[in-house]
Protein chains: 2
Amino acid sequence: MYAMSKKKYTIADIAAMAGISKGTVDRVIHKRGKVSKKAHEKITRILKEIDYQPNLVARNLKKNKTYTLYVLLPDPAKDPYWAPCLEGITAASDEFQAFGVMIDTAFFDPSSIKSFNSKCRQVLKNKPDGVVFVPLFYQEALAFAGDCERNDITLATFNSYLQEGQASSFIGQDLHQSGRIAGKLLHQLLGGDRKMAVIHVDEAFQNAIHMQEKEKGFRDYYGGLNDGSEVVTHTLPHKDIRNAGKSMQHFFKAHPDVSGLFVTTSKGYLLEGALPGTHAHIPVVGYDLITQNIDALKSGTLDFLIHQNPRQQAYLGVSYLSEYFAFDKQIPDRKLLPIDIINSENYIHYLQ
Amino acid sequence: MYAMSKKKYTIADIAAMAGISKGTVDRVIHKRGKVSKKAHEKITRILKEIDYQPNLVARNLKKNKTYTLYVLLPDPAKDPYWAPCLEGITAASDEFQAFGVMIDTAFFDPSSIKSFNSKCRQVLKNKPDGVVFVPLFYQEALAFAGDCERNDITLATFNSYLQEGQASSFIGQDLHQSGRIAGKLLHQLLGGDRKMAVIHVDEAFQNAIHMQEKEKGFRDYYGGLNDGSEVVTHTLPHKDIRNAGKSMQHFFKAHPDVSGLFVTTSKGYLLEGALPGTHAHIPVVGYDLITQNIDALKSGTLDFLIHQNPRQQAYLGVSYLSEYFAFDKQIPDRKLLPIDIINSENYIHYLQ
DNA sequence: TTGTAGGCGTTATCAT
DNA sequence: ATGATAACGCCTACAA
């Protein structure tokens with residue numbers, strides 16, 4: 001029989017034990033000074049002895065402050081990747097509004113720096129206590145983070161990595177490792193000594209760093225095999241997206257011996273019908289559970305998806321700040337989520 | 001700019017708006033009667049209008065009750081599968097003890113019904129407010145659930161399914177579907193028209209239902225292919241475990257054409273060195289992130305593991321009951337966790 | 001340096 | 001049927 005919790009003492013209890021008033025105990029607990037050495041020692045000893053845990057409920061009620069958080073998010077209407085974030089935000093909002101945390105959300109256009117800057121100004125004008133945001137544009141995000149710091153606004157970022165520690169927390173994934181995972185999956189499907197292709201497909205330049213990290217991880221994995229495997233890279237730039245089929249045909253003409261594809265963005269579904277019909281099926285690993293990708297998973301165009309769990313990222317960002325304000329919890333400055341492997345049989349559970 | 005939270009009203013606010021005292025408002029909110037029709041109507045209308053949300057912090061402080069929960073768990077020392085549950089329990093304990101929830105844990109021997117019954121009696125004697133337990137022994141667990149219900153003890157179960165709804169909640173996985181996932185993985189690795197084997201390896205009979213469900217899912221998947229695939233089953237009973245190699249050799253003599261294995265328990269690592277060296281590598285899918293399996297994953301004996309996330313199951317069980325008592329939250333009567341696919345590159349993120 | 005007296009929002013009790 | 005009041009544990013202001 002293994003007990004994990006113990007009796008709870010109140011400040012009044014401690015005051016009684018020490019033969020001193022509650023006020024003095026409180027001063028010791030909060031290190032406000034103005035306490036005699038004797039009293040300080042006695043109380044400190046008791047606190048240690050009983051491992052005093054303040055009643056957060058009472059503390060919170062007393063404070064009775066309401067905190068405002070802003071979430072700054074790429075518009076899900078412009079890129080469905082972000083849609084699940086709303087669920088996560090709503091869940092956290094429901095959970096913490098009872099504790100006085102109010103959450104507002106603002107969208108920016110993921111293809112417009114101007115839109116981002118404009119929303120940032122709007123958010124700053126509202127003087128929230130905390131901000132959770134996606135630092136899609138590195139320089140601008142850095143500037144915004146500086147503004148927040150100067151205004152004593154606590155920060156959490158997710159999805160994209162901004163900067164070491166500071167006042168800001170990061171929630172996301174190890175992109176390099178996710179590239180390795182993609183490599184492992186294709187290696188498992190195909191065996192060794194193969195020619196593999198990394199395909200970068202995206203409409204926006206902000207993903208460049210993401211894509212590079214993923215590619216590095218992928219190459220890292222295949223390089224480690226030392227079995228004669230080869231990796232080539234093909235980029236489908238912005239304007240070519242509607243001609244994905246054409247572009248891929250050219251690519252396959254130049255590399256007829258490629259036997260597996262790694263698509264570094266959520267645009268894997270574009271390969272539907274763009275792969276040479278003459279070949280047997282070519283295994284493809286992609287990213288993100290957007291509906292088009294799930295359809296492609298079911299139809300067999302895509303074999304595996306890597307899930308970045310945007311819902312959970314947003315949920316955690318909001319939760320961390322909420323718990324920080326409501327319960328004085330420490331904010332972890334780095335939280336890497338598991339890298340989920342998805343196929344046509346287990347995707348459903350991740351849609352929630 | 002998308003707002004998700006609204007202003008908060010107190011009972012005093014409402015009383016003032018209605019020109020009535022707080023006491024009457026409280027009576028309406030809690031349906032205690034002894035309120036005139038006129039007052040009732042007026043207050044109800046206001047409550048609806050402002051969508052009144054009681055301040056849970058204040059309510060909780062007022063109640064100021066401490067709740068006791070018991071977790072009844074198979075002894076991790078007897079089966080390492082359960083070890084991560086302790087982390088989950090500790091995490092939930094840390095989180096909720098500030099809200100007056102005390103959590104105790106008791107272990108039973110997973111191979112001894114007597115031990116289970118004895119611990120059950122011990123738990124009942126302590127008259128906790130809630131119990132989270134693993135119903136490993138169906139009949140005995142049913143009896144215990146009945147005892148709890150009679151003693152007004154709120155229940156949550158995890159890992160094994162006990163019974164429809166009632167007062168008890170279930171947290172676990174869709175085992176049938178996890179069998180399908182194993183099928184899909186092997187199918188992805190091997191292609192169609194193959195002979196596959198389901199291997200049941202276990203020391204204890206309590207897993208029988210689990211293993212059956214998983215096998216059904218697996219056969220269901222392969223049956224759906226309609227491509228000439230075949231599935232055979234081999235059971236390594238309790239006493240043969242040390243002779244896994246021998247038993248598997250016999251099996252392969254009878255079925256030399258088997259090209260993939262699905263091990264329905266956490267004992268997949270026993271196949272290390274038990275597979276015919278003459279063959280090329282035979283793909284194996286197993287269950288659970290215990291250290292031996294992870295080693296086997298790294299060495300290449302196992303290709304994929306399915307993660308049942310015992311840590312999260314225990315965490316959620318405790319959390320649900322804690323939130324029920326501390327915040328009057330409803331307990332979901334069924335929570336199916338995602339079925340995580342693990343290989344040698346992504347296991348690390350699931351260990352913590 | 002120390003003690004005391006409210007008050008946060010909700011609820012239970014006791015008068016009215 | 002209704003209203004006033006005290007109490008939960010913590011914290012702050014003010015008095016001693």
Side-chain angles (χ1 to χ4, degrees), chain A residues 6-44 46-47 50-67 96-102 325-328, chain B residues 6-44 46-47 50-67 96-102 325-328:
Chain A
K6 51 237 155 223
K7 185 196 179 319
K8 296 183 71 185
Y9 293 88
T10 73
I11 287 185
D13 292 333
I14 296 165
M17 288 185 232
I20 317 187
S21 81
K22 298 192 298 174
T24 308
V25 176
D26 185 71
R27 262 164 250 141
V28 172
I29 290 173
H30 291 85
K31 300 171 189 173
R32 292 195 230 280
K34 315 210 170 195
V35 176
S36 67
K37 266 176 200 158
K38 213 170 66 176
H40 184 89
E41 268 174 42
K42 192 185 246 174
I43 293 171
T44 314
I46 296 181
L47 287 176
I50 64 173
D51 184 29
Y52 170 69
Q53 301 288 118
N55 182 327
L56 296 188
V57 174
R59 178 177 287 176
N60 204 264
L61 176 61
K62 173 60 190 162
K63 280 198 299 195
N64 194 35
K65 202 170 142 26
T66 77
Y67 301 94
F96 291 103
Q97 83 170 28
F99 300 105
V101 181
M102 316 247 298
F325 287 114
F327 307 129
D328 286 320
Chain B
K6 51 235 155 224
K7 185 195 178 320
K8 296 183 72 184
Y9 292 87
T10 74
I11 287 185
D13 291 334
I14 296 165
M17 289 185 230
I20 318 187
S21 80
K22 297 193 301 174
T24 306
V25 176
D26 184 70
R27 261 163 250 142
V28 172
I29 289 172
H30 291 85
K31 299 171 190 174
R32 292 195 230 279
K34 314 207 172 199
V35 176
S36 68
K37 265 174 204 159
K38 215 170 61 175
H40 184 89
E41 268 175 43
K42 193 184 245 175
I43 294 171
T44 313
I46 296 182
L47 288 176
I50 64 173
D51 185 28
Y52 169 69
Q53 301 287 118
N55 182 328
L56 296 187
V57 175
R59 175 176 290 175
N60 205 264
L61 176 61
K62 174 60 188 162
K63 280 198 297 195
N64 192 35
K65 202 168 142 25
T66 77
Y67 301 93
F96 291 104
Q97 83 171 27
F99 300 104
V101 181
M102 315 247 298
F325 286 114
F327 307 128
D328 286 321

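Computed over heavy atoms, backbone and side chain alike; hydrogens, waters and symmetry mates excluded. Per chain, numbering begins at 1; letters A, B, ... match sequence-line order.
- Between B:V25 and B:K22, every side-chain heavy-atom pair lies at or beyond the 4.5 Å cut-off.
- Within residues 13-22 of chain B, the residues having any heavy atom under 4.0 Å from DNA chain D are, by residue number, B:I20, B:S21.
- Contact of the A:Y52 side chain with the A:I11 side chain is registered, since non-hydrogen atoms from C-beta on lie closer than 4.5 Å.
- Residues B:N55 and B:T10 fail the side-chain proximity criterion, which asks for heavy atoms closer than 4.5 Å.
- For the pair A:K63/B:V57, no side-chain contact is recorded, criterion being any heavy-atom separation below 4.5 Å from C-beta on.
- Which of C:dT11, D:dC11, D:dA1 sits closest to the side chain of A:R32 comes down to D:dC11.
- Atom OH in B:Y9 sits roughly 18 Å away from atom P in C:dC8 (whole-Å rounding).
- Phosphate proximity of C:dT10 to B:Y52: present, with a side-chain N or O under 4.0 Å from OP1 or OP2.
- Annotation: of the two residues near DNA chain D, B:R27 and A:R27, the 5′-most nearest-nucleotide partner is B:R27.
- A:F96 and A:F327 have tilted rings, their planes meeting at an angle from 30° to 60° on a 0 to 90° scale.
- Taken over five-pair windows at either terminus, the axes of the helix from C:dT1-D:dA16 to C:dT16-D:dA1 are inclined to one another by 60° (rounded to 10 degrees).
- Comparing B:K37 and A:T10 along DNA chain D, the residue whose closest nucleotide (by nearest heavy atom) sits nearer the 5' end is B:K37.
- Residues A:K42 and A:T24 form no side-chain contact, since every pair of their non-hydrogen atoms from C-beta on lies 4.5 Å or further apart.
- Residues B:D13 and B:I50 are not in side-chain contact: their nearest non-hydrogen atoms beyond the backbone lie 4.5 Å or more apart.
- For D:dT2, one of the phosphate oxygens OP1 or OP2 lies less than 4.0 angstrom from a side-chain nitrogen or oxygen of B:S36.
- Near DNA chain D, defined here as any heavy-atom distance below 4.0 Å, the residues from residues 55-67 of chain B are B:L61, B:K62, B:N64, listed numerically.
- Of the listed residues (B:R59, B:R32, B:K31), just one forms a salt bridge (Lys or Arg N to Asp or Glu O under 4.0 Å) with B:D26, and that residue is B:R32.
- Spacing between atom CG of B:D328 and atom P of C:dG9 amounts to 19 Å, rounded to whole angstrom units.
- Distance, A:D26 CG to D:dC14 P: 16 Å, rounded to whole Å.
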